[in-house]
Amino acid sequence: MTNWEADMEAPFDNKKRVRNPLVPIGALITAAVLTAGLISFRQGNSQLGQKLMRARVVVQGATVALMVGTAYYYGEQFPKFPGL
């Protein structure tokens, strides 16, 4: 590792690295539902495709909520801004 890479890694050594296994699973489910919906549209079954697109929005929202919740739970204290 070069000196530049060591300097770039130094600020991240002290941070708590947390992985949420549910986020990649949610992303894969979102991609699967999206793919199934697009296939349904291509085959002419627009009613099923529309339901799958709505399901994709729900799954995608849940994945984003997991990401935000994990960041909030494991994150550092947010700075207090005066006047807010």
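Keep in mind that what you see is a predicted model, and the values were worked out from it rather than measured. Below, all heavy atoms of this structure are taken into account, side chains as well, without hydrogens, waters or symmetry copies. We number each residue from 1, following the sequence as shown.
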N/O donor-acceptor pairs under 3.5 Å from side chains in residues 25-39, not counting sequence neighbours:
| unit_1 | atom_1 | unit_2 | atom_2 | d |
| --- | --- | --- | --- | --- |
| Thr30 | OG1 | Gly26 | O | 2.8 |
| Thr35 | OG1 | Ala31 | O | 2.8 |

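- Closest non-hydrogen pair, Gln50 versus Phe41, comes out as N-CZ, 3.6 Å.
- Considering CE of Met53 and OG of Ser40, their distance stands at 8.0 Å, rounded to 0.5 Å.
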